[in-house]
Amino acid sequence: MHSLSPSYPAIDLKSITRTTSSPGLKLTHHRVGPTRFVIQCVSRYESANSSAAAPTTGFNIGAGHVGGARYEWQSACAILASKVVSQQQDTEKSGGGADGLSNVNGHPTLDLVPIKESNSYAPLPKPLSIADLSPAPMHGSKLRVAYQGVPGAYSEAAAGKAYPNCEAIPCDQFEVAFQAVELWIADRAVLPVENSLGGSIHRNYDLLLRHRLHIVGEVQLPVHHCLLSLPGVRKEYLTRVISHPQALSQCEHTLTKMGLNVAREAVDDTAGAAEYIATNNLRDTAAIASARAAELYGMQILADGIQDDSGNVTRFVMLAREPIIPRTDRPFKTSIVFAHDKGTSVLFKVLSAFAFRNISLTKIESRPHRNRPIRLVDDANVGTAKHFEYMFYVDFEASLAEARAQNALAEVQEFTSFLRVLGSYPMDMTPWTPSSRED
């Protein structure tokens, strides 16, 4: 074989491709398909001391020195690849298949190992790209939506109602759902904040303040509880009922009326209770969950619609990394949280800012001020007064695009030491029919 250039010595491709012990160069090759080959060239730089000069068989880009072996390596790759393509074309013209390739670059001993094409090979995972880190699609498109629980949970149904055809991502805890959105694992999170029977879900109110996500929507889901057990189990055989604490409280009176003398134990979520019973084959335990959970985990429905009140609705909020632009062409709701250094005496002034502008409040929730839970007021005559400090969450029916809402918040800011807008978002105006109980 002739020299690659006047300044470089000749390279024997056979010795390159058949020698794997070269300290600076290694070529690997394999067949991807019947008529397609991939050549992989790997240059290896080995040095006992990274600060030492680059050896003649390698190259050190960081030091700015490129040895002649790099040019030899690049040239060898180019020649070998061109010969493979040329040989491939000759094989196709002669009608040869995978076995028709006998030599490459004149070397009959070059081993090209074919890879068998089989449907059993799973496709490789698609690497993340800029598209994966771009803003999420519009409402209703394919979104990755995080929710707390397992498949069959009411939160999964709420995610499907909020974003039809979404990819629901189950999370074992509420905080994990927040983190999934913050870390770009999910595009949205759908989490419950209050129930018409059980009241507020305080954990999520605390997490709304701890994390920097924005409320971009709400969805109200009617809750239809069922008493589930393994197939063939009768009510009188039950010794305990497990479910989420909210579900247990929402069915407390109905369970008593049914005459069930059972222990009631709380677990993380409703569908998780059904999954736990099915997994462990617990024939003395029932779960309070949805009819979908019964279908998913092979359970039977002992009683349908066991909630104490047919008007059982849970309100969920939809969370995203970025807020949406408020509008005035449809009903909007805005959520804020505030506090004041002087305690709760400022609450009246804050509420009056909304009352004077005819803005209706739909929710007021107080949570302990964790950074300063107690405020001490010393009086030389009567002693020290101890006041509990609170953060106040308020929802009001107005869009931040409206002047009256902007003016109200400007006035609220004068009375408070801390004010944060959690989101301004469309109200859920879908019609709703109360659940009916079926014995």
Side-chain angles (χ1 to χ4, degrees), residues 147-160 168 170-177 190-204 221-316 434-439:
Y147 69 93
Q148 188 274 332
V150 298
Y154 293 106
S155 293
E156 182 193 36
C171 303
D172 60 351
Q173 300 177 27
F174 289 128
E175 188 161 14
V176 174
V190 175
L191 298 172
V193 291
E194 59 179 324
N195 177 266
S196 58
L197 299 181
S200 300
I201 301 175
H202 297 142
R203 176 60 176 165
N204 284 334
L221 183 74
V223 176
H224 191 85
H225 289 310
C226 301
L227 186 65
L228 311 181
S229 69
L230 292 177
V233 174
R234 301 174 60 179
K235 297 179 184 178
E236 51 267 27
Y237 297 155
L238 299 176
T239 60
R240 65 172 177 166
V241 174
I242 62 175
S243 190
H244 188 274
Q246 288 274 357
L248 291 173
S249 65
Q250 294 165 12
C251 303
E252 181 178 359
H253 297 299
T254 303
L255 291 177
T256 302
K257 292 179 180 179
M258 293 174 62
L260 296 178
N261 186 19
V262 294
R264 299 164 192 181
E265 298 180 9
V267 294
D268 290 338
D269 62 271
T270 55
E275 180 188 37
Y276 177 76
I277 293 175
T279 302
N280 295 278
N281 194 30
L282 302 177
R283 304 191 65 82
D284 63 340
T285 306
I288 298 176
S290 64
R292 170 170 164 76
E295 179 183 353
L296 289 176
Y297 303 111
M299 309 280 284
Q300 69 172 351
I301 299 178
L302 292 176
D304 192 15
I306 63 172
Q307 59 274 2
D308 295 337
D309 194 326
S310 59
N312 187 358
V313 181
T314 298
R315 174 174 170 252
F316 296 79
S435 301
S436 60
R437 180 180 174 183
E438 300 177 9
D439 294 323

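Because the structure is predicted, anything quoted here is derived from the model rather than measured. The chain is numbered in sequence order, starting from 1.
Atoms CD and CG, on Q307 and N195 in that order, are 10.5 Å from each other to the nearest 0.5 Å. Rounding to the nearest 0.5 angstrom, the gap separating the CE atom in M258 from the CD1 atom in I306 is 6.5 Å. Note: L260 CG to L227 CG = 6.5 Å, rounded to the nearest 0.5 Å. Atom CD1 of residue I277 and atom CD1 of residue I242 lie 4.0 Å apart, to the nearest 0.5 angstrom. Taking CD of E175 as the start and CG of L191 as the end, the distance is 11.0 Å to the nearest 0.5 Å. Atom NE2 in H225 sits 9.0 Å away from atom CG in L248 (nearest 0.5 Å).
Judged purely by atom type and a 3.5 angstrom limit, Q148 has no side-chain atom pairing as donor or acceptor with the backbone of Q173. Distance alone, capped at 3.5 Å, places no donor-acceptor pair between the D304 side chain and the C226 backbone. One N or O on the side chain of N204 and one on the backbone of P192 form a donor-acceptor pair closer than 3.5 Å. N280 contributes no side-chain N or O that, together with a main-chain N or O of L282, makes up a donor-acceptor pair within less than 3.5 Å. Although no hydrogens or angles enter the test, the distance criterion places a donor-acceptor pair under 3.5 Å between the side chain of S290 and the main chain of G152. Looking at S196, its side chain does come within 3.5 Å of a backbone N or O of V313 through a donor-acceptor pair. In terms of modelled atom types and a separation under 3.5 Å, the side chain of Y154 and the main chain of A271 share no donor-acceptor contact.
For residues 265-278, the pairs satisfying side chain to side chain donor-acceptor pair (under 3.5 Å) are R240-E265, with sequence neighbours left out. Sorted by first and then second residue, the pairs that involve residues 282-300 and meet salt bridge (Lys or Arg N to Asp or Glu O under 4.0 Å), not counting sequence neighbours, are E156-R292.
Other residues, nucleotides and ligands contribute only 12 or fewer heavy atoms inside 6.0 Å of the CG atom of N261.
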Walk me through it: do L197 and V223 pass the test side chain to side chain contact (heavy atoms under 4.5 Å, CB included)?
-> CA-CA 10 Å; L197 299 181; V223 176; over 6 Å; no
Starting from the C-alpha separation in whole Å, work towards a yes-or-no answer on side chain to side chain contact (heavy atoms under 4.5 Å, CB included) for L230 and M299.
-> CA-CA 5 Å; L230 292 177; M299 309 280 284; 3.9 Å; yes
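With no hydrogens or angles considered, no side-chain donor-acceptor pair links S200 and E194 at under 3.5 Å. Side-chain atoms of N312 and Q250 include a donor-acceptor pair closer than 3.5 Å.
Among all heavy-atom pairs drawn from V150 and G272, the shortest one is CG2-N, 3.4 Å. The two residues V233 and L302 make their nearest non-hydrogen contact at O-CD2, 3.4 Å. Taking all atoms of both residues into account, the shortest heavy-atom contact from A274 to Y297 is CB-CD1, 4.1 Å. The shortest heavy-atom contact between L221 and A158 is CD2-N, 4.0 Å.
Y147 has its side chain within reach of P170: a pair of non-hydrogen atoms, C-beta onward, lies under 4.5 Å apart.
Looking at residues two or more places apart in sequence or on another chain, you find no side-chain hydrogen bond (donor to acceptor under 3.5 Å, both in side chains) involving S249.
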